Amino acid sequence: MNADDLVVALCPVCAHTVAAPFFDGGAQPLATLGWPASAEDARQMARFPHDFVQCPKCTHVWNRSFTYDAVPYKNNPNRMFNQGSIWGGHLAVTRDLLLAQLPASPTVVDIGCGEGHFARGLAVARHGEGRFMGFDPNVTAESGAGLEFHARLFEPLHDMTIFEPDAIAIRHVLEHLTDPANLLNQLAWGAAAMGKDCWLFAETPCIDRVFETGRLADFFYEHLSHFTTQSFIALMENAGDIVELAHGYDGEVVYALAKLKLPDSMMDTAQRARKFAVTAEASRSHIREELDRLAASGKSVAIWGGTGKAAAFIHQFGADAARFPVVVDSDPAKVGTFVPGTGQQIRFRDSLKAQPADVVIIPTQWRARDIVAEMKREAIRADQVLIEHLGRLVDFSSGEHPYR
Ligand SMILES: [Zn+2]
């Protein structure tokens, strides 16, 4: 393998960052959404790069030069072919697969539903018992015949708790998204937030046969993303547990039924992050109050450090230059520079020999032991040294903390 044969490109399925060139189709016009009005228009159509690469990790194939701006979805919704007896049979099989998991009166959301035939088919099969919704910003389908149509994007983090679906269907949509993993991640989190079991039925074209047959006509501009069975599984695993995976239409499509689910460890991390955020907000306002009291006490205060973490301390806790003018540093290279945002000029630590501070605040807890030793060595005296710990300013020598 020659490094020159590889390119840096982010896999839309598994986020691997190095890809192998797969098919350079040159510059070609849109193939299915262009709708030129005349032969002359057709010949004049803009050309776009067909730069397909493959992910060595999950085997996904995509056009790394694709851009959405080139595709006029608004004017020309993708017209999917839904007639034909083989296709009709496939639709019935997948519809029944999904219905078998659903309660008597289910709520189903079809994302990117097009004209809504799949959701309508579900409604008809259930004799209208339930709520069957289609979301699609690119078509103007009518509600009716069992379908409730929403002409907008479905936003899982927001909409799952509003509509409380028992199932989500996404058919022939994921291959049109530049970031399909994003939608599946959001569906899994939306389901977790709603706190109720939810099924996901997803289906895309499958290019497994491309490898056996070497055929190239699959690779046109509007089909930016091509799933193999392996990359489809990798994508679905973002959303939950795959219960059934199968192929239809003579192997040309792959579909899966999955239970939307997140690993417990991810739920735990999100919960801990939420807790940290709440505590951080309380800590910030508490330490701000402590600094307010310190400034009002009339004691002289020096802050040891004025860049990096020390500057972050000054910003977060409001140690402005008017109330906390003295900032010192051990590093002569920093002396004479200014604290970003607040503007205290950083002095050399020796300035504290001539003008001692009553209180020294050391924002970098992990360096406090060294700095206190340095103060002792240099005969820099202060009544108190304070560090930040667990949302409080604590006394370095007598307080409870792990940095001594
Ligand atoms: Zn990948």
Side-chain angles (χ1 to χ4, degrees), residues 94-95 97-114 116 118-123 125-126 128-139 141-144 146-174 176-203 235-244 255-282:
T94 52
R95 183 190 65 207
L97 172 72
L98 179 56
L99 284 173
Q101 302 295 342
L102 298 184
S105 179
T107 299
V108 181
V109 168
D110 187 351
I111 296 177
C113 65
F118 188 73
R120 276 201 178 90
L122 296 174
R126 280 295 169 88
E129 282 297 308
R131 188 178 180 190
F132 302 89
M133 286 170 276
F135 284 74
D136 200 322
N138 296 321
V139 289
E142 298 265 315
S143 287
L147 179 73
E148 175 187 329
F149 182 72
H150 298 259
R152 67 173 177 88
L153 288 172
F154 184 77
E155 293 171 29
L157 290 182
H158 178 70
D159 289 330
M160 292 290 273
T161 45
I162 292 177
F163 296 105
E164 300 193 322
D166 298 296
I168 302 283
I170 313 175
R171 301 177 57 263
H172 298 267
V173 168
L174 294 167
H176 297 287
L177 304 180
T178 52
D179 191 0
N182 177 18
L183 176 59
L184 294 204
N185 284 334
Q186 287 192 40
L187 283 169
W189 282 102
M194 135 175 116
K196 161 183 157 179
D197 279 357
C198 185
W199 291 94
L200 171 64
F201 175 78
E203 178 177 308
L235 182 75
M236 291 297 284
E237 283 173 346
N238 285 292
D241 296 337
I242 299 172
V243 171
E244 181 149 348
Y255 59 87
L257 185 67
K259 179 72 82 62
L260 290 173
K261 192 176 184 329
L262 288 164
D264 290 344
S265 62
M266 284 174 73
M267 303 277 283
D268 288 350
T269 300
Q271 254 149 23
R272 280 198 296 274
R274 171 89 193 115
K275 222 166 151 184
F276 189 94
V278 170
T279 307
E281 201 44 48

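None of the values given here were measured: they were computed from a predicted structure.
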Self-check item: Test applied, side-chain contact (heavy atoms from CB on, under 4.5 Å); reference residue, Val109; option that passes from Ile170, Ile168, Leu187
Solution: Ile168

Quiz item: Knowing that exactly one of Ile111, Val243, Ile242, Leu184 qualifies, which makes a side-chain contact (heavy atoms from CB on, under 4.5 Å) with Leu200?
Solution: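 By the side-chain contact (heavy atoms from CB on, under 4.5 Å) criterion, Leu200 pairs with just one of Ile111, Val243, Ile242, Leu184: Leu184.
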
Is there a side-chain contact between [X] and [Y] in this structure, where contact means two heavy atoms from C-beta onward sitting under 4.5 Å apart?
X: Cys113; Y: Arg120; answer: no
X: Glu142; Y: Phe149; answer: no
X: Arg171; Y: Phe201; answer: yes
X: Trp199; Y: Pro165; answer: no

Distance-minimising heavy-atom pair for [X] and [Y]:
X: Gly112; Y: Val173; answer: O-CG2, 3.5 Å
X: Leu157; Y: Gly190; answer: CD2-N, 4.0 Å
X: Leu257; Y: Gln101; answer: CD2-CG, 3.5 Å
X: Leu147; Y: Ala119; answer: CD1-CB, 3.5 Å
X: Ala239; Y: Ala188; answer: O-CB, 3.5 Å
X: Phe135; Y: Leu153; answer: CD2-O, 4.0 Å

Self-check item: CG/Asp264: more than 12 non-hydrogen atoms of other groups inside 6.0 Å
Solution: no

Exercise. Take atom CZ of Arg274 as the centre, draw a 6.0 Å sphere, and report whether it contains more than 12 heavy atoms from other residues, nucleotides or ligands.
Key: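 Open: at most 12 neighbouring heavy atoms sit under 6.0 Å from CZ of Arg274.
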
Self-check item: Aromatic centroids of Phe163 and His150 separated by under 6.0 Å
Solution: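 Yes, the ring of His150 comes within the 6.0 Å limit of the ring of Phe163, centre to centre.
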
Quiz item: Does Asp166 have any side chain to side chain donor-acceptor pair (under 3.5 Å) partners at least two apart in sequence or in another chain, and if so, which?
Solution: Lys196

Find the distance between [atom1] ([X]) and [atom2] ([Y]) and round it off to the nearest 0.5 Å.
X: Phe118; Y: Glu203; atom1: CZ; atom2: CD; result: 7.5 Å
X: Glu244; Y: Leu98; atom1: CD; atom2: CG; result: 11.0 Å
X: Lys261; Y: Met267; atom1: NZ; atom2: CE; result: 8.0 Å
X: Leu260; Y: Met194; atom1: CG; atom2: CE; result: 7.5 Å
X: His158; Y: Ile162; atom1: NE2; atom2: CD1; result: 3.5 Å
X: Phe154; Y: Asp110; atom1: CZ; atom2: CG; result: 11.0 Å

Do side-chain atoms of [X] reach the backbone of [Y] as a donor and acceptor pair under 3.5 angstrom?
X: Asp241; Y: Lys259; answer: no
X: Asn185; Y: Asn182; answer: no
X: Arg126; Y: Arg131; answer: no

